[in-house]
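Beneath this line is the structure, given in structure tokens, with notes to follow.
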Amino acid sequence: MSIFDNPFDPDRNLRAGCACGQHQSAAEHEQATALRCDPVESEEKRYEGVVASAVMRAMFPQDVARRAFLKSVGASTALAALSQFFPLQTATEVFAQAGAPEKKDLKVGFIPITCATPIIMAAPLGFYSKHGLNVDVVKTAGWAVVRDKTINKEYDAAHMLAPMPLAISLGLGSNPIPFAVPAIENINGQGITLAMKHKDKRNPKDWKGMKFAIPFDYSMHNYLLRYYLAEHGLDPDTDVQLRSVPPPEMVANLRADNIDGFLAPDNICQRAIYDGVGFMHLLSKEIWDGHPCCSFAASREFITSAPNSFAALTRAIVDATAYASKAENRKQIAEAIAPANYINAPVTVLEQVLTGTYADGLGGVKTDAKRVDFDPFPWQSFAVWMLTQMKRWGQIKGDVDYKAVAEQVYLATDTKKLMTEMGLSPPASAYKSFSVMGKNFDPAKPEDYVASFKIRKAS
């Protein structure tokens with residue numbers, strides 16, 4: 001971020017820089033050898049740079065003039081002259097006080113799946129500390145537990161399934177409590193895995209009577225599996241059984257023949273393949289390429305009571321997500337998140353997920369670099385689609401103001417501003433159309449979309 005550059009360096013361009021603010025250009029940033037950009041000398045120095053940069057920008061809108069001035073008088077003389085006319089030290093103290101996290105020691109809950117990669121890796125790779133926080137990432141048993149601990153304020157924020165904050169805000173499955181999503185954790189990154197005994201049942205029309213696990217009722221897994229089944233003529237409420245099973249327990253249930261398959265995070269799918277008990281039927285991106293899965297979420301109460309802590313936490317998550325989006329970092333990330341206190345999986349399994357080169361369980365090796373990807377922007381059209389599926393399957397009764405709910409929960413405007421400040425390039429709009437199994441979705445016409453499905457819950 002150019003705002004953190006040295007404003008008294010005559011060779012420095014204040015209006016360009018890298019995403020972290022420690023390098024003159026994006027190219028220089030990419031060539032850095034550290035896991036991440038080294039932090040500035042201290043938070044005080046960081047704030048001094050912010051204030052000085054702002055003043056120098058105001059005094060010298062053109063870099064050419066600023067450079068000429070600095071080369072003629074020198075940096076120390078320039079700083080002394082500037083200090084005579086503007087109280088830099090006082091402004092720095094005020095700025096630092098205004099931006100300092102109200103609470104530096106935070107707890108963030110997560111489920112041990114690769115969907116939580118940015119939240120998890122931000123601890124061992126130092127992204128939280130880089131943004132002035134001491135975050136304890138807490139491995140949690142299941143989604144209901146994550147929800148309850150966050151609502152009960154045992155966690156300050158949490159890794160949640162993308163539909164969960166919508167459901168919590170609407171009071172579905174719990175009392176209505178306003179929650180918000182400043183960042184999506186991952187896109188794609190799921191798959192349908194079947195038990196080995198079903199390797200000859202590749203046509204979903206043959207799946208009547210089978211039992212499938214999903215992680216949670218309010219999950220993209222539930223909605224994508226239901227969508228996939230319905231598009232093949234099966235009613236997910238009558239033709240198959242859907243069971244909510246915590247992801248870490250899915251492979252054991254498949255091995256024990258309690259279920260015939262599941263739609264789950266890719267590391268769960270890959271672990272079933274690694275253990276020889278299942279095979280990959282298809283990746284979730286084959287249903288909807290670019291779909292969201294998990295999110296970073298917090299209650300509105302936390303956001304309003306500790307806005308600076310929330311902002312720093314969001315910056316750390318977005319920063320980590322940007323790092324995870326680069327293919328060359330994936331093997332390193334796999335090693336960082338593999339230990340028992342995080343995902344507790346063989347590095348080989350996580351590398352197959354994150355790099356996209358993987359065994360399919362049927363003797364083949366496949367390659368798909370976008371098997372899982374990371375893009376933090378919380379598209380409000382994603383939220384509208386999820387709400388249509390809640391309505392389609394009877395989770396929402398009566399009318400719903402799709403746009404209002406989406407915009408209250410998915411903080412696209414705030415995240416866009418934050419990403420821009422970080423030197424990233426958020427989209428201009430928070431809404432976009434996309435295709436799910438060849439069927440176009442227009443976020444401006446959600447009720448028409450719900451009504452277009454032959455298989456759905458009766459209203």
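Values below: all heavy atoms of this structure, side chains included; hydrogens, waters and symmetry mates excluded.
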Do Val240 and Asp260 have side-chain heavy atoms sitting under 4.5 Å apart?
no

Parallel, tilted or perpendicular: which one describes the rings of Tyr228 and His281, with boundaries at 30° and 60°?
perpendicular

To the nearest 0.5 Å, atom OH of Tyr128 lies from atom CE of Met121 at 9.5 Å

Knowing that exactly one of Phe110, Trp143, Tyr342 qualifies, which makes a ring-ring contact (aromatic ring centres under 6.0 Å, His included) with His159?
Trp143

Can you name the closest pair of heavy atoms from Ala180 and Leu411 and give their distance?
CB-CD1, 3.6 Å

List the atom of Val181, the atom of Ser295, and the distance in Å for their closest heavy-atom pair.
CG1-CB, 3.7 Å

Glu102 side chain to Ser305 backbone, donor-acceptor under 3.5 Å:
no

Is the shortest side-chain N to carboxylate O distance from Glu421 to Arg315 below 4.0 Å?
no

Residues Asp373 and Arg330 bridged, charged N to O under 4.0 Å
yes

Can you name the closest pair of heavy atoms from Met250 and Ile259 and give their distance?
O-CD1, 3.8 Å

Run the numbers on Tyr431 and Glu407 for side-chain hydrogen bond (donor to acceptor under 3.5 Å, both in side chains), then give the verdict.
CA-CA 10 Å; Tyr431 290 89; Glu407 294 179 3; 2.7 Å; yes

Between Pro236 and Ile455, what is the shortest heavy-atom contact and its length?
CD-CG2, 4.3 Å

Can a donor-acceptor pair be found, under 3.5 Å and without considering hydrogens, that links the side chain of Asp275 to the backbone of Val277?
no

Does a side chain donor of either Asn222 or Asp217 reach within less than 3.5 Å of an acceptor in the other side chain?
no

Apply the side-chain hydrogen bond (donor to acceptor under 3.5 Å, both in side chains) test between Tyr155 and each candidate in Asp136, Thr140, Thr150; give the one that qualifies.
Thr140

Within 45° cone and under 6.0 Å: Arg392 NZ/CZ vs Tyr223 ring:
no

Of all heavy-atom pairs linking Leu133 and Ser309, the shortest is CD1-O, 4.2 Å

In terms of relative ring orientation, are Trp288 and His291 parallel, tilted or perpendicular, with 30° and 60° separating the classes?
tilted

Should the pair Phe382 and Trp379 be assigned to parallel (<30°), tilted (30 to 60°) or perpendicular (>60°) ring geometry?
tilted

Which of Arg271, Lys370, Arg371 passes salt bridge (charged side-chain N to carboxylate O under 4.0 Å, His left out) with Asp266? Answer is Arg371

Taking Gly189's backbone N and O only, do any of them form a donor-acceptor pair with Lys285's side chain (distance below 3.5 Å, no angle check)?
no

Can you name the closest pair of heavy atoms from Gln190 and Pro265 and give their distance?
OE1-CA, 3.0 Å

Tell me whether Asn188 contacts the main-chain N or O of Gly290 through its side chain, where contact means a donor paired with an acceptor under 3.5 Å.
yes

Is Glu231 paired with Lys439 through a side-chain N to carboxylate O contact shorter than 4.0 Å?
no

